[in-house]
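A note on names: the letters A, B, ... follow the listed sequences, proteins ahead of strands, and every chain is numbered from 1. These numbers come from a predicted model, not from an experiment.
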Amino acid sequence: MKTLRLYNSDGRELQEFKPLESGHAGLYCCGPTVYNYAHIGNLRAYTHWDILRRTLERFGYEVKHVMNITDVGHLTDDGDEGEDKMLKGARERDMSVWEIAEFFTKAFFKDIERLNILTPTVSCKATGHIDDMIALVKRLEERGFTYESGGNIYFDSTKLPDYGRMALLDRQNLQHGARVALDTNKHSPFDFVLWFTKSKFENQAMMWDSPWGRGYPGWHIECSAMSSKYLGERIDIHTGGIDHIPVHHTNEIAQSEGAFGHHWVNYWVHNEFLIMKEGKISKSKGSFLTLQKLIDDGYEALDYRYFLLGGHYRSQLIFSEESLDGARSARKSLLGRVASFYREIKGSPLPDISDLGKASFSRIEAFDAALGEDLNTPRALAELWQLVKDETIPAAERLAAVLDMDGVLGLNLEEAGEETAGTGEDDELSALLTRRREAREAKNWAAADEIRDELAERGWKVVDTPEGPRLEKA
RNA sequence: GGCGCCGUACCCAAGCGGUUAAGGGAGUGGAUUGCAAAUCCAUGAUUCAGCGGUUCGAGUCCGCUCGGCGCCUCCA
């Protein structure tokens with residue numbers, strides 16, 4: 001089995017991935033809060049975790065991929081006077097909170113699909129697992145990690161000696177309340193709510209009965225409850241955005257290790273942010289870019305995927321129209337090369353990967369090595385390009401190898417084969433091409449260009465080559 | 001105030017002590033072309049923000065300076 005080294009945030013170093021169970025990998029990814037559309041920064045995270053999953057599978061692991069859908073409302077930003085995010089979304093769109101959750105969950109999965117991100121083995125909604133959360137809070141209560149204050153149940157962070165170890169939190173020097181008012185019910189600033197019965201928001205729409213009274217769960221508990229339900233009380237890999245390290249994941253670790261009584265997640269993988277020139281993209285600041293907006297602007301979803309793969313997941317990536325244009329050009333050019341391979345092999349079967357020559361096989365090995373080294377997609381893409389441009393390798397081999405690589409990259413390169421397959425098969429199209437050829441031979445350029453325009457209207461672009469004209473999908 | 005990240009050619013971006021500093025985009029030159037598009041070929045940093053230091057050897061390690069970003073509040 002190929003080795004995969006991952007940067008583990010818990011310990012802050014590159015470590016070789018060793019599964020709990022040989023040949024299997026449990027992957028938990030912090031999913032979206034469905035109160036609004038996902039923006040392109042959110043989508044960056046899911047794309048890189050997709051690469052992680054596909055790499056694990058390529059390297060021989062059977063992956064169980066679990067992702068939560070947070071459909072219970074939590075705090076809005078500090079600019080809003082303490083309103084529930086789901087409630088806010090519902091009010092703005094004149095829907096119920098349940099409808100809002102449903103609506104944006106669908107929108108999210110549509111984006112995921114367009115970006116060719118594999119759907120998780122298990123997608124679980126927070127609202128469907130309230131009982132599991134209550135059970136977990138009870139367990140924490142029995143083990144002495146909780147206290148009641150002001151009607152809410154809190155986790156007592158002082159009961160866990162290494163609280164904050166992953167985030168390297170300095171308990172003494174952190175300036176609490178620097179940006180947000182302190183919760184006076186807390187005994188210690190790091191404590192957090194496990195169960196609310198005293199909502200500070202009015203009109204809380206989602207409430208459930210519990211041993212502590214009618215209310216709703218704290219934000220962090222859902223991930224601990226659902227991940228342990230589907231992956232067990234020890235997990236191979238847990239992913240999330242880098243922003244989650246200090247609070248959300250720190251608290252997940254605290255409550256999970258408190259409840260289970262042992263180490264919980266072996267590898268924590270965190271992605272950096274996509275940023276704009278002006279700084280990071282923020283949902284709470286109102287306007288933000290969605291995948292749909294990019295598509296409306298004439299890009300394809302996979303152009304964006306290609307763009308994302310050009311940067312390493314642990315580096316901030318600068319988004320701009322110019323860089324997305326670059327990605328689009330690159331992907332188009334790549335598809336063009338792959339299409340030419342398809343034309344060259346004329347439908348003959350592709351060689352098996354194991355039968356490839358030394359040159360192409362070593363490219364694949366370098367490609368895998370790049371992925372194995374903390375998912376270095378920029379280097380993997382570079383290997384792909386080197387392979388594609390290597391004239392010493394037969395087209396059939398290059399095609400076989402590049403499609404093999406695409407199993408991880410997910411750029412749908414095989415679609416380049418479909419375009420050429422349709423060429424000339426349609427009688428009307430061939431008739432038009434023939435008429436254009438005749439016009440050109442008669443040097444009747446006006447007529448020839450007219451036909452070219454007509455073909456363009458039908459979605460085909462004429463490409464004149466030394467071997468004659470060829471049609472490509474526009 | 002605390003914690004963390006980054007500064008590589010016009011743009012995006014690899015690189016993690018040692019041959020000529022990946023790759024893509026843009027640009028430029030050429031081939032091809034009725035024109036156009038597309039395609040193909042060629043071409044780019046004596047240098048890695050700056051200044052010191054460690055080392056036989058540094059973009060890569062250490063220190064300082066300048067500049068940018070994120071987190072400490074829900075956020076990928």
Query raised in the report: Is the distance between the ring centroids of A:Tyr267 and A:Phe17 less than 6.0 Å?
Result: yes
Query raised in the report: Taking only residues two or more places apart in sequence or in another chain, which ones pass side-chain contact (heavy atoms from CB on, under 4.5 Å) with A:Ala380?
Result: A:Phe367, A:Ala370, A:Leu371
Between the protein and nucleotides 18-24 of chain B, are there any N/O to N/O pairs under 3.5 Å, and if so, what are the atom names and distances?
| unit_1 | atom_1 | unit_2 | atom_2 | d |
| --- | --- | --- | --- | --- |
| B:G24 | OP1 | A:Lys389 | NZ | 2.7 |

Query raised in the report: How close or far is atom P of B:C16 from atom CZ of A:Arg314, stated in whole angstroms?
Result: 13 Å
Query raised in the report: How far apart are the closest heavy atoms of A:Tyr342 and A:Ala416, and which atoms are they?
Result: CD1-C, 4.0 Å
Query raised in the report: With no angle test and no hydrogens, is the base of B:A36 tied to the side chain of A:Arg452 by a donor-acceptor pair under 3.5 Å?
Result: yes
Query raised in the report: side-chain contact (heavy atoms from CB on, under 4.5 Å) with A:Asp406: which residues, sequence neighbours excluded?
Result: A:Leu409, A:Leu411, A:Leu413, A:Glu414
Requested in this report: Could you tell me whether A:His270 contacts a base, only the sugar-phosphate backbone, or nothing, with contacts defined as non-hydrogen atoms closer than 4.0 Å?
Outcome: nothing
Report task. Rounded to whole angstrom, note down the P distance from B:U43 over to B:G24. Result -> 13 Å
Query - P spacing across the pair B:G52 / B:C16, given as an integer number of angstrom - result: 26 Å
**Report entry** Pair A:Phe319 + A:Phe307: ring centers closer than 6.0 Å
**Finding:** yes
Query - Salt-bridge criterion met for A:Arg379 and A:Glu383 (N-O under 4.0 Å) - result: no
Query - Between B:G4 (C1') and A:Trp268 (CH2): distance, integer Å - result: 18 Å
Query raised in the report: Taking the P atom of each, how far is B:U20 from B:U65, in whole Å?
Result: 35 Å
Query - Heavy-atom side-chain proximity of A:His238 to A:Ser227 below 4.5 angstrom - result: no
Requested in this report: Start with the C-alpha distance between A:Leu27 and A:Trp49, add both sets of side-chain angles, then the distance that settles side chain to side chain contact (heavy atoms under 4.5 Å, CB included), and finish with yes or no.
Outcome: CA-CA 9 Å; A:Leu27 179 63; A:Trp49 304 337; 5.7 Å; no
Query raised in the report: Could you spell out the base pairing of RNA chain B in dot-bracket, with Watson-Crick or G-U pairs whose two distances are under 3.5 Å, [ ] crossing and | to another strand?
Result: ((((((((.[[[..)..(....]]].(((((.......))))).....[[[[[..)....]]]]])))))))....
Query raised in the report: In whole Å, what is the span from the CZ atom of A:Phe341 to the P atom of B:C40?
Result: 10 Å
Report summary line: Within residues 361-376 of chain A, the residues having a heavy atom closer than 4.0 Å to RNA chain B are A:Asn376
Requested in this report: Looking at every strand, decide which applies to A:Ser315 at a 4.0 Å heavy-atom threshold: base, sugar-phosphate, or nothing.
Outcome: sugar-phosphate
Query - Separation of the P atoms in B:G68 and B:A26, to the nearest angstrom - result: 31 Å
Query raised in the report: Across the strands shown, which category fits A:Arg440 at heavy-atom distances under 4.0 angstrom: base, sugar-phosphate, nothing?
Result: base
**Report entry** Atom-to-atom span, CD1 of A:Ile275 to C1' of B:C71 - whole angstrom
**Finding:** 14 Å
**Report entry** Same-atom distance (C1') from B:A45 to B:C41, integer angstrom
**Finding:** 22 Å
Query - Other residues, nucleotides, ligands: >12 heavy atoms within 6.0 Å of A:Phe361 CZ - result: no
Report task. Using whole Å, report how far CD1 of A:Ile242 lies from C1' of B:A76. Result -> 10 Å
**Report entry** Under-4.0 Å side-chain N/O to phosphate OP1/OP2 contact, A:Thr33 with B:C74
**Finding:** no
Requested in this report: Figure out the CD1/C1' separation between A:Ile318 and B:G7, and round it to whole Å.
Outcome: 10 Å
Report summary line: Per nearest nucleotide of RNA chain B, the residue lying toward the 5' end, A:Ser323 or A:Val247, is A:Ser323
Query raised in the report: Rounded to the Å, how far apart are A:His249 NE2 and B:C71 C1'?
Result: 14 Å
Query raised in the report: Any idea how A:Phe192 and A:His220 line up, ring-wise: parallel (<30°), tilted (30 to 60°), or perpendicular (>60°)?
Result: perpendicular
Query - B:U19 and B:G29, which share atom name C1', separated by this distance in whole Å - result: 31 Å
Query raised in the report: Below 6.0 angstrom between ring centroids: does that apply to A:Tyr7 and A:His312?
Result: no
Query raised in the report: Expressed as a whole number of Å, how far does the P atom of B:A58 sit from that of B:G50?
Result: 15 Å
**Report entry** Atom CD of A:Glu450 with >12 non-hydrogen neighbours under 6.0 angstrom
**Finding:** no
Report task. Measure from CG on A:Asp243 to P on B:A76 and round the result to the nearest Å. Result -> 7 Å
Requested in this report: Name the closest nucleotide to the A:Ala45 side chain, picking from B:A76, B:G34, B:C11.
Outcome: B:A76
Report task. Please work out if A:Glu391 contacts a base, only the sugar-phosphate, or nothing of the nucleic acid, heavy-atom cut-off 4.0 Å. Result -> sugar-phosphate
Report task. Applying salt bridge (Lys or Arg N to Asp or Glu O under 4.0 Å), name anything that partners A:Asp50, two or more places apart in sequence or on another chain. Result -> A:Arg54, A:Arg305
Query raised in the report: Using the C1' atom in both, what is the distance from B:C56 to B:G15, to the nearest Å?
Result: 23 Å
Requested in this report: Mind telling me whether A:Trp264 and A:Trp268 have parallel, tilted or perpendicular rings, with 30° and 60° as the class edges?
Outcome: perpendicular
**Report entry** Touch class at under 4.0 angstrom, heavy-atom based, for A:His248 against every strand present
**Finding:** nothing
Query - Sugar-phosphate only, base, or nothing, as touched by A:Arg436 at under 4.0 Å among non-hydrogen atoms - result: base
Report task. Would you kindly compare A:Leu317 and A:Tyr7 by the position of their nearest RNA chain B nucleotide and give the one closer to the 5′ end? Result -> A:Tyr7
